[in-house]
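These notes are about the structure you will find just below.
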Number of protein chains: 2
Amino acid sequence: MKLSQKTKYALRALQVLAREREPVRIATLAEREDIPRKFLEHILLELNNHGILSSRRGRGGGYQLRKQPEDVCLGDVVRLFDGPLAPTSCSSERAFRACDDCKDPDGCALRGVMREVRDATARILDNLSLADLNQRADAVARLTPGGR
Amino acid sequence: MKLSQKTKYALRALQVLAREREPVRIATLAEREDIPRKFLEHILLELNNHGILSSRRGRGGGYQLRKQPEDVCLGDVVRLFDGPLAPTSCSSERAFRACDDCKDPDGCALRGVMREVRDATARILDNLSLADLNQRADAVARLTPGGR
DNA sequence: GATAAAGTTGATAGAATCGGTAGAGATATG
DNA sequence: CATATCTCTACCGATTCTATCAACTTTATC
């Protein structure tokens, strides 16, 4: 499961939005996080359409988190942009599909292995919220004051 | 880390070669495992060039495992065809590279998370050999006799 | 209600990757 | 030498990824 640029941008933007609880304009986000503006529009729109963000148009508008930062987990974001966590479709929990050339998924030894990988990944990403992520970032920042 | 078709083909071929300790022809492997022949040539060649297989040309030739089935782990095969196990280059152990747009890898909270994912994946794939995989396949086959 | 700020949408495009094919070349064996 | 087999280089079509553009719609404020 290679993380796409899109997902990385999304998570960076969400980290900001999890802190600011006021609407933030696309332009501001794009500048602060150094994300191509037009590309970011797509990303935020998709997050909006999936109920993670809400938007307000017009003056004073922008995007803000619709849920609580504790209630958005990394797994959800990754799945939204990069698809199922599982390495093969046959090992996916939420999006199972037998592999095209697989005669018998239940007799496939590889599938068992890949289910282990998926489960391990999901255990990490589904138990980590935006709030946790920001908390970690703060913890690291305290350890290396001055940054860079 | 989505598993490519190439990797799946490679593992299927290796499972066969881990059982037969005689040279097996490309054509035979392609037929038995239902893999496009020309595509399989590439795959076996790459495994050969990386010291996992050895080859013999001419009559009676073919490919065979160069190492012991216990000494080839899934992690090696996956890395060969699909690249590093880590979800981001900055979280890779063997192929670390700072992300293009990352100012400070050490201060990146996401990186820490992705290292956890990488480690969990590696722990599974690097501790499982071809021999283990075949053993698992046999175990499943015994549970569902008749197959299919 | 005019106007401007802001989000929404669809089309497009270049680059990279993936799955696969073609064919000539090299080499071992009988 | 003839044949069987692997080796190597090039190429192709489809898809995905990243990103950009232009046009449109909605809303806040004056």
Side-chain angles (χ1 to χ4, degrees), chain A residues 1-13 17 22-31 33-66 78 80-84 87-89 99-101, chain B residues 1-13 17 22-31 33-66 78 80-84 87-89 99-101:
Chain A
M1 192 230 14
K2 194 115 309 171
L3 225 56
S4 67
Q5 193 62 34
K6 218 168 176 176
T7 303
K8 284 194 261 179
Y9 286 156
L11 287 174
R12 293 226 307 258
L17 291 170
E22 299 285 297
V24 182
R25 286 182 307 133
I26 291 183
T28 307
L29 271 175
E31 199 180 337
E33 291 298 316
D34 203 39
I35 301 173
R37 191 222 156 101
K38 285 298 197 175
F39 198 32
L40 182 58
E41 286 184 13
H42 284 295
I43 293 168
L44 296 177
L45 187 56
E46 206 161 344
L47 288 167
N48 188 6
N49 291 338
H50 278 77
I52 295 177
L53 295 181
S54 65
S55 68
R56 247 175 54 196
R57 294 202 246 212
R59 264 186 245 269
Y63 281 99
Q64 61 185 344
L65 220 55
R66 189 187 308 232
V78 172
L80 177 55
F81 292 107
D82 287 343
T88 62
S89 68
C99 296
D100 291 333
D101 57 341
Chain B
M1 192 237 6
K2 194 117 309 175
L3 224 57
S4 67
Q5 194 61 37
K6 218 168 176 176
T7 302
K8 285 193 258 178
Y9 286 156
L11 287 174
R12 293 226 308 259
L17 290 170
E22 297 287 297
V24 182
R25 287 182 308 134
I26 293 180
T28 308
L29 273 174
E31 199 180 336
E33 290 299 315
D34 205 37
I35 302 172
R37 190 223 155 102
K38 280 299 199 176
F39 198 31
L40 182 58
E41 286 185 12
H42 283 296
I43 295 167
L44 296 177
L45 190 56
E46 207 161 343
L47 288 167
N48 187 5
N49 291 338
H50 279 75
I52 296 177
L53 295 182
S54 64
S55 69
R56 250 178 51 196
R57 293 201 246 212
R59 260 186 247 269
Y63 281 100
Q64 59 186 345
L65 220 55
R66 191 187 306 233
V78 172
L80 177 56
F81 292 107
D82 288 342
T88 63
S89 68
C99 295
D100 292 333
D101 57 341

Let me know the distance between [atom1] of [X] and [atom2] of [N], rounded to the nearest Å.
X	N	atom1	atom2	answer
A:Phe39	C:dG14	CZ	P	17 Å
A:Glu46	D:dA19	CD	P	15 Å
B:Lys2	C:dC18	NZ	P	13 Å
A:Glu41	C:dA5	CD	C1'	13 Å
A:Asn49	C:dG10	CG	C1'	14 Å
B:Leu53	D:dT5	CG	P	17 Å
B:Glu22	D:dT5	CD	C1'	16 Å
A:Ile35	D:dC17	CD1	P	18 Å

### Task
Nearest-nucleotide wise, let me know which of B:Asp82 and A:Gly62 is further upstream toward the 5' end of DNA chain C.
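Its nearest nucleotide being more 5', the pick is A:Gly62.
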### Message
Regarding C:dG23, can its base be found pairing with the side chain of B:Lys38 as donor and acceptor, where the two atoms are less than 3.5 Å apart?
### Response
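For B:Lys38, whose side chain was compared with the base of C:dG23, there is a donor-acceptor pair (under 3.5 Å).
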Counting the atoms with a prime plus P, OP1 and OP2 as sugar-phosphate, which does [X] contact under 4.0 Å by heavy atoms, base, sugar-phosphate, or nothing?
X	result
A:Ile26	sugar-phosphate
B:Phe81	nothing
B:Arg25	sugar-phosphate

### Message
Both A:Leu40 and A:Gly60 contact DNA chain D. Taking the nearest nucleotide for each, which residue is further toward the 5' end?
### Response
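Mapping each residue to its closest nucleotide by heavy atoms, the 5'-most match is A:Leu40.
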### Task
Take atom CD of A:Glu33 as the centre, draw a 6.0 Å sphere, and report whether it contains more than 12 heavy atoms from other residues, nucleotides or ligands.
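For A:Glu33, atom CD is crowded (more than 12 foreign heavy atoms under 6.0 Å).
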Counting only side-chain nitrogens and oxygens, does [X] get under 4.0 Å of the OP1 or OP2 atom of [N]?
X	N	answer
A:Ser4	D:dT16	no
A:Tyr9	D:dA19	yes
A:Asn48	C:dG7	no

Can you identify which nucleotide, out of [options], has its nearest atom closest to the [X] side chain?
X	options	answer
A:Arg37	C:dG23, D:dT20, C:dG7	C:dG7
A:Arg57	D:dC8, D:dT27, C:dA11	D:dT27
A:His42	C:dA11, C:dA22, C:dG7	C:dA11
A:Gln5	D:dT18, D:dC21, C:dT29	D:dT18
B:Arg56	D:dC8, C:dT8, C:dT29	C:dT29

### Query
Say you draw a straight line from CD1 of A:Ile52 to CG of A:Leu47; how long is it, rounded to the nearest 0.5 Å?
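If I round to the nearest 0.5 Å, the distance is 5.0 Å.
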#### Entry: A:Lys8 side chain near B:Cys99 side chain, heavy-atom distance below 4.5 Å
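Of all side-chain heavy-atom pairs linking B:Cys99 with A:Lys8, at least one is under 4.5 Å.
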### Query
Does B:Leu29 reach the side chain of B:Leu17, with side-chain heavy atoms less than 4.5 Å apart?
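Yes, side chains in contact.
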### Query
Does the side chain of A:Asp101 come under 3.5 Å of the side chain of B:Gln5 through a donor N or O and an acceptor N or O?
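Per modelled atom types, A:Asp101 and B:Gln5 side chains form a pair under 3.5 Å.
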### Query
Going through the checks in order, is the side-chain contact (heavy atoms from CB on, under 4.5 Å) test met by B:Val24 and B:Gln64?
CA-CA 6 Å; B:Val24 182; B:Gln64 59 186 345; over 6 Å; no
